[in-house]
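This report concerns only the one structure given below.
Below, read A as the first sequence line, B as the second, and so on, with proteins coming before strands; counting in each chain starts at 1.
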Amino acid sequence: MSTRKLTAITAATAGALLLASCGGDTGGGTGDATGGAEGGDDPIVIGISLPLTGDFAEPGKGVQRGYETWAKVINDGGGLLGRQVELKILDDASDAARVVADYESLIAQDEVDLVMGPFSTRLVVPASRVADEYGMLFVEPAAAAAEVFENGFENIFYAAPAIAPDHYNYLLDFIEAMPEDERPQTAAVAAMDDPFAQGTAYGLRDGLAELGVEIVVDEVYPPNATDMSAVAAQIADADPDVVIGGTQYQDAVNMILALQQLDYQPRMAAFSTAPTNPEFVEAIGGAVDGILSPTGYTVEATFPSNEEFVAANEELHGAEPGEDEANAYTAGQVVAAAVEAVGCAEQGDCQQDLIDWLHENEVDTVVGTLGWDEAGRPNGAHLIQQYVDGEIAIVLPADVAEAELIYPKPEW
Amino acid sequence: MVSGSLLFQSLILGLLLGGLYALLAAGLTLYFGIMRVVMLAHSAFIILAAYIAWWFSTATGLDPMLSLLATVPAFFAIGYLMQRFLLSRLRPATMTMMSVLLTFAIALIIEGLLGMVFSGTQRRINLPYGASSIELLTARIPVVQVISFALAGVSLLALFAVLKYTRFGRALRATIQHPQAAQLVGIDTNRTAGFGFGLGLATAAVGGAALSLQATIYPSLHWHWIGPLMAIIVVGGLGSIPGAAIAALLLGVLRVMLELPLGPTWAQTIFYLALFATLMVRPQGFFGGRLAQRF
């Protein structure tokens with residue numbers, strides 16, 4: 001049974017490669033010859049699997065909106081290489097086994113020209129393995145954990161400014177630049193047992209430790225923890241200057257309220273993920289001023305393509321794009337830049353050319369100009385946001401800041 | 001290393017948490033006691049009540065506790081109907097096993113409906129006193145936890161008084177202890193069991209409102225609660241309200257105190273260790289639990 005399946009897959013792959021290389025000649029040729037003529041050729045089909053149901057359904061749908069906005073902007077502008085772009089999106093139900101099957105079938109059976117990544121580290125890792133086996137370019141919008149880039153794959157590229165441990169780099173620069181006697185002396189860390197949440201928090205923790213800040217509490221809690229009061233009691237008892245939360249949404253809200261209830265006032269508070277959630281301000285009763293958070297994207301960003309993205313997203317989905325939408329759109333921009341530069345988009349040798357091109361070039365995106373190292377880690381840094389007078393604003397780095405960083409933070 | 005004030009603070013927080021556990025587990029132990037129903041949907045009903053409290057508070061701006069005026073009678077009625085029209089139709093011989101399947105399905109239905117109506121977004125009630133606390137010596141007692149502890153206390157005392165001193169309570173206890181004998185002395189055991197089930201579900205309504213005061217809620221949250229609650233009622237002795245209350249307080253305090261040396265991940269295994277130890281050493285439960293010998 002399994003041998004037959006394997007044979008079938010191999011045959012399908014061989015067929016796909018053969019077809020793709022034939023199609024490649026025509027596609028490339030037409031692209032060159034007609035120089036951007038509309039709809040004169042078959043569409044470029046891009047295969048994507050997304051968690052549209054299950055645990056990651058909410059961000060998964062955000063990523064879907066971003067991909068759709070990108071496809072619309074590309075098609076309205078005459079397509080890629082003069083061909084229309086068609087997205088083939090499958091639902092993997094947040095299941096790592098389904099995501100593997102999805103990419104297998106997209107590449108081998110559906111013979112898509114290109115693939116782009118799903119959402120979340122848990123799904124990107126198995127998906128990138130499949131893409132690597134087939135030699136496909138794999139640009140992904142949503143796996144920031146350091147482990148993603150340690151599998152030895154050269155085909156993966158993260159379409160965002162920085163991987164998780166680097167998210168707070170600008171904040172660390174800011175603290176380093178402070179006069180020694182004003183710097184925070186102690187810090188507490190509480191992080192969810194999750195590669196992304198820990199990655200961001202530990203990046204800041206280790207950076208602070210290097211600056212001589214003493215880490216007085218360092219706790220890890222399981223993803224299903226609902227009661228944060230015991231962790232909060234330890235932090236409040238140690239009374240550190242800085243509190244770092246390696247958090248998703250609900251644990252950050254629960255922890256902040258528990259800290260407030262214990263009357264603990266940090267001089268600096270940094271939480272990943274939660275503060276950018278639209279429900280956050282109301283959930284913690286408006287006492288948000290001074291809370292810091294790293295972000296890879298802001299709708300106000302002045303990067304050249306951002307205005308077009310925000311407008312298109314509002315037109316198509318009736319709302320401003322969030323970080324998930326932006327990351328997917330960025331992935332699209334990266335793939336498009338490579339395809340336009342190399343002049344092809346199909347399975348086979350073309351994929352290697354696309355991979356090689358991205359390793360050697362930089363791409364202008366809605367999150368800035370991105371370049372990658374050999375493992376696919378982007379070279380940028382996350383922006384640092386802070387709540388100032390109840391509104392979230394970019395405070396670091398200084399050249400794009402909308403407001404000045406408040407330190408020490410106001411009482412919550 | 002660990003300061004005295006932190007120990008005292010943790011002890012207070014543990015007791016408060018234990019109170020909430022006691023309230024949430026009380027209904028479960030009743031269902032077991034009355035008719036060997038393993039009610040996996042209990043915590044789903046708790047989350048449903050929490051959502052109603054959140055929705056009520058968001059829509060009207062009033063205190064979420066007021067939603068209890070509607071949810072307590074409604075949940076009582078739902079419990080009664082559930083027992084009379086669903087659970088009582090299961091064959092007594094396979095009741096325990098089949099009730100697991102039936103209530104598992106009900107839990108999934110509630111979770112699915114919550115997701116459909118309110119989406120998967122996590123919600124938290126924004127209360128004017130949400131961040132307030134009372135100072136007690138060196139410790140701080142969060143106001144919301146005081147309220148939920150008080151709710152638990154009042155509900156459990158009321159439940160205990162009903163079971164102990166009312167005619168219905170005597171009938172219910174008779175039904176629990178010996179259904180045939182109860183029938184012989186003229187008790188309508190079916191109706192009594194229905195009311196008992198309704199009473200259990202009414203505690204879920206109170207528990208849900210209490211939970212909504214101090215946690216973000218989302219549709220699948222109930223799966224995180226059912227394990228610890230099951231452990232509590234087994235340790236406390238199936239069918240015993242005081243047993244469940246003592247076990248809940250004890251395990252709540254142990255969980256919070258164990259976080260100091262072990263961290264949150266290992267501390268939560270206390271529920272399963274206690275469950276394991278109970279089943280090994282004293283399967284009928286450590287407290288009360290006289291009734292459980294039949295199971």
Side-chain angles (χ1 to χ4, degrees), chain A residues 53-61 94 190-193 216-239 247-264 274 277-287 411-412, chain B residues 2-14 16-17 20-21 58 115 119-135 138-145 211 214-218 220-221 223-225 227 252 255-260 263-269:
Chain A
T53 52
D55 289 353
F56 306 130
E58 297 263 322
K61 284 175 187 156
S94 309
M192 183 190 276
D193 194 356
V216 288
V217 176
D218 194 347
E219 283 287 350
V220 177
Y221 52 86
N224 64 3
T226 50
D227 176 57
M228 289 289 147
S229 54
V231 172
Q234 290 182 58
I235 295 174
D237 185 66
D239 196 23
T247 48
Q248 304 283 7
Y249 178 72
Q250 94 280 1
D251 49 324
V253 169
N254 289 343
M255 197 193 305
I256 290 171
L257 275 154
L259 288 170
Q260 288 178 322
Q261 289 165 355
L262 297 172
D263 204 25
Y264 159 65
N277 187 305
E279 304 243 320
F280 180 73
V281 179
E282 205 200 322
I284 67 165
E411 290 202 353
W412 57 18
Chain B
V2 175
S3 68
S5 63
L6 179 56
L7 279 177
F8 183 56
Q9 177 74 64
S10 297
L11 181 70
I12 300 261
L13 289 172
L16 293 169
L17 184 67
L20 181 65
Y21 283 156
T58 315
S119 86
T121 307
Q122 280 142 351
R123 313 285 186 180
R124 173 119 189 185
I125 298 179
N126 179 21
L127 294 162
Y129 50 87
S132 318
S133 58
I134 304 162
E135 200 166 351
T138 57
R140 290 242 156 217
I141 313 177
V143 171
V144 287
Q145 295 212 29
L211 181 68
Q214 49 181 301
T216 49
I217 51 173
Y218 48 97
S220 63
L221 177 61
W223 298 119
H224 299 319
W225 278 97
R255 207 217 79 186
V256 173
M257 300 298 270
L258 282 175
E259 278 201 23
L260 296 176
T265 307
W266 285 106
Q268 68 178 0
T269 57

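Contact annotation for B/I141: neither backbone nor side-chain heavy atoms come within less than 4.5 Å of a heavy atom of chain A. Contacts of B/Q9 with chain A are made by side-chain atoms alone, with heavy-atom separations under 4.5 Å and no backbone atom involved. In this structure, the portions of A/A283 lying under 4.5 Å from any heavy atom of chain B include both its backbone and its side chain. With a 4.5 Å cut-off on non-hydrogen atoms, B/Q268 touches chain A through its side chain but not through its backbone. For chain A, the nearby part of B/W225 is the side chain; its heavy atoms alone come within less than 4.5 Å. Both the backbone and the side chain of A/Q250 come within contact range of chain B, judged by heavy atoms closer than 4.5 Å.
Shown here for B/L6 and A/A233, the closest heavy-atom pair between the two residues is CD1-O, 3.4 Å. When every heavy atom of B/E259 is checked against every heavy atom of A/Q234, the shortest pair comes out as O-NE2, 3.6 Å.
Between the A/Q261 side chain and the B/G130 main chain, a donor and an acceptor come within less than 3.5 Å of each other.
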For this session: Show your working on side-chain hydrogen bond (donor to acceptor under 3.5 Å, both in side chains) between B/S133 and A/D263 and close with a plain yes or no.
Result: CA-CA 8 Å; B/S133 58; A/D263 204 25; over 6 Å; no
Problem set entry | Test log, rule side chain to side chain contact (heavy atoms under 4.5 Å, CB included), inputs A/S229 and B/Q145 | CA-CA 10 Å; A/S229 54; B/Q145 295 212 29; 4.0 Å; yes
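Judged purely by distance below 3.5 Å, without hydrogens or angles, the side chains of A/D193 and B/T265 never pair a donor atom with an acceptor atom.
Chain A forms more heavy-atom pairs under 4.5 Å with one residue of B/G115, B/S10, B/P142, B/G263 than with any other, namely B/P142. If you tally non-hydrogen atom pairs under 4.5 Å between each of B/T216, B/V143, B/I217, B/L221 and chain A, the highest count goes to B/T216.
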